[in-house]
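Reminder, nothing fancy here: chain letters follow the sequence lines and each chain counts from 1.
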2 protein chains.
Amino acid sequence: MTVTIYDVAREANVSMATVSRVVNGNPNVKPSTRKKVLDVIERLEYRPNAVARGLASKKTTTVGVIIPDISNIFYAELARGIEDIATMYRYNIILSNSDQREDKELQLLDNMYGKQVDGIILMSDQVTGDLLKKMGHSPVPIVLAGSIDETNIIPSINIDYLQAAYEAVKRLIVNGHTRIAFVSGPFTATINQNYKYAGYKKALAEAGIAVDENLVVAAEDSYDSGIEDWSELNKLENAPTAFFAGSDELAIGIIHGAQDAGKKVPEDIEVISFENSKLARMVRPQLTSVVLPLYDIGAVSMRLLTKFMNKETVEKEIVILPHRIEERDSVK
Amino acid sequence: MTVTIYDVAREANVSMATVSRVVNGNPNVKPSTRKKVLDVIERLEYRPNAVARGLASKKTTTVGVIIPDISNIFYAELARGIEDIATMYRYNIILSNSDQREDKELQLLDNMYGKQVDGIILMSDQVTGDLLKKMGHSPVPIVLAGSIDETNIIPSINIDYLQAAYEAVKRLIVNGHTRIAFVSGPFTATINQNYKYAGYKKALAEAGIAVDENLVVAAEDSYDSGIEDWSELNKLENAPTAFFAGSDELAIGIIHGAQDAGKKVPEDIEVISFENSKLARMVRPQLTSVVLPLYDIGAVSMRLLTKFMNKETVEKEIVILPHRIEERDSVK
DNA sequence: CTGAAAGCGCTAACAC
DNA sequence: GTGTTAGCGCTTTCAG
């Protein structure tokens, strides 16, 4: 019922090998026989079976993508960058959510290996030892997108989070603030604890401001958490006058928390964010924010992966993309 | 180098068939030999090759998902529902973006067929004749998620958009409005033109209000477009006092457009949205909105697809999920 | 430029 | 309970 390469060969009076050649664009085929084969292919509506091809050639032209949560706008943007470049290079993507659970990540890696993907892109807030170990045994190349492996063994694409955080906080210090809060997502995320927080401390230290542990809160990375965090922080007898938020949702939560309590932004408090998703412009005041080039990180990751899959030589396996601060209205 | 079922068979002194049986949980294996095989599998770190299995069994346990744009929060939510249920039933997902272009949708369908997916979930704002035709030739079951096929031939999961729109507009009419705008995404989307707009007209008609074409604008479905649309509408000599927005972004755009011009919501104008994404709570005032159960639509779609793939008999192929209006503060 | 033939790694009858 | 044996549909030497 389904038409195979054999059917085409028979109808066109050529061998399977020849059909295979025309299907794969092999130039060693006489134009006339190529045309003959193409005609039969069209007439029979022949469509190559990618599974059979994968088994024979040991290439599936699909890559596995392990992502914490595709419904999170942050990761969705990364995923789009990945998919666009994948399409450009004719790869398909198998997408799986890990919910940031190590056991699922491990299991998904095995699953991807079993599916014989040609490469893998992993996004994870915390690249643990077990993960690293399993990736070390990977039969295919892997690259981390927007995720950090502190051992520097797995190729990855990121920005300089520490420097970016440092600049963001400095932006607040320049405005005269000394009581600056750091409202972050969980410190289980390497980037939060070892990079953004480090950048925060560096900026304060440089300005001679002591770190007040009461001003750093690392809870959930969500809008509601931002509201709560503001409320807690505002109860302090020496409440912060400026906020460095780890994400747009957190920043918006802080702003709304403050506004709902009658404060004005940026007059009474200033807040700088770290993300610059489309949400950044959808609040009043609009968010001043470090811009995290999520789409680009995804795209560059996939591009790098294609190089590995083609066994091209790559110069830099750990790439740091540029960042900048988009000035809007939540900071004076 | 890679260990195959044959290696395991040899090491365990059994046949490939037996190894296959234990791998696939076939009960016809003596416990002792099962254990023996399992031990070898573990020792050799054997991992079944899904591609070979797919070729032999004609099942790939993967389903294709064609989505307009995964970076759009609306579709990302749908996708999450799909993926969760897929995982539950041990299916993997091949995800591709169509950017709502018919040519890409057509090409992606062919691509999915070629990859031998066991089923397909399609999201599309406009199910054209050509699409329908290609789906009619599909070798595998297809279900539409949050997308309408007006010929009712392809199974689909939706809510009653017309009724929901009707209720939303009625909610505004009850508050005394007679100048009610309908700010929509493009009318190329079936749901916008044939359902939401129809619901809008029905509600007006029932209240004896004539439809004023100047009050219906179907441009882009985006935040910026919402701002612009408000601005245009407000220039009318008899400007609208209430707005029925086709999406949260549009609603927020309208609200910010109005607020930036000094108007108050809901005092000066009222707006009701149609989506209820997480954004709905991230504005002031928070959006009163029809709740579109995106995650559920995705989940139910995938569940339905599993039934088709298992050749179970299904009672209803066209399912309509319930909806409701979430009352918040953008409507009095 | 084209064909023959040997697999790729696994499942699925069918025997025993 | 377990083994034998065909394929699944295609790519890939190797000849010629």
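Only A/Asn13, A/Val14, A/Ser15, A/Ala17, A/Thr18, A/Arg21, listed by number, bring a heavy atom of residues 5-21 of chain A to less than 4.0 angstrom from any atom of DNA chain C. For the segment residues 22-46 of chain B, residues with any heavy atom less than 4.0 angstrom from an atom of DNA chain D are, sorted by number, B/Asn28, B/Val29, B/Lys30, B/Thr33. Residues of residues 47-57 of chain B that place a heavy atom closer than 4.0 Å to DNA chain C, in numerical order, are B/Pro48, B/Asn49, B/Ala52, B/Arg53, B/Ala56, B/Ser57.
Listed by chain and residue number, nothing satisfies the salt bridge (Lys or Arg N to Asp or Glu O under 4.0 Å) test with A/Asp296 (two or more places apart in sequence, or in another chain). With sequence neighbours excluded, no residue forms a salt bridge (Lys or Arg N to Asp or Glu O under 4.0 Å) with B/Lys58. Residues satisfying the salt bridge (Lys or Arg N to Asp or Glu O under 4.0 Å) test with A/Asp69, not counting sequence neighbours, are B/Arg80. Residues meeting the salt bridge (Lys or Arg N to Asp or Glu O under 4.0 Å) test with B/Asp7, sequence neighbours left out: B/Arg10.
A salt bridge does not link A/Arg43 with A/Asp39: every distance from a Lys NZ or Arg NE/NH1/NH2 to an Asp or Glu carboxylate oxygen is 4.0 Å or more. A salt bridge links B/Asp103 to B/Arg101: one of the charged nitrogens lies within less than 4.0 Å of a carboxylate oxygen.
Reading DNA chain D from its 5' end, the first and the last nucleotide to sit under 4.0 Å from a heavy atom of chain B are D/dG1 to D/dG9. With a heavy-atom cut-off of 4.0 Å to chain A, the contacted part of DNA chain C has its first and last nucleotide at C/dC1 to C/dG9.
Under the salt bridge (charged side-chain N to carboxylate O under 4.0 Å, His left out) criterion, no residue pair touches residues 137-154 of chain A, with sequence neighbours excluded.
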For residues 133-140 of chain B, run the donor-acceptor check on the side chains, cut-off 3.5 Å, and write out each pair with its distance to 0.1 Å, sequence neighbours left out.
unit_1, atom_1, unit_2, atom_2, d
B/Lys134, NZ, B/Asp110, OD1, 3.4
B/Lys134, NZ, B/Asp110, OD2, 2.8
B/Ser138, OG, B/Val140, N, 3.1
B/Ser138, OG, B/Val140, O, 2.6

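An angle of 30°, rounded to 10°, separates the two end axes of the helix from C/dC1-D/dG16 to C/dC16-D/dG1, each defined over five pairs.
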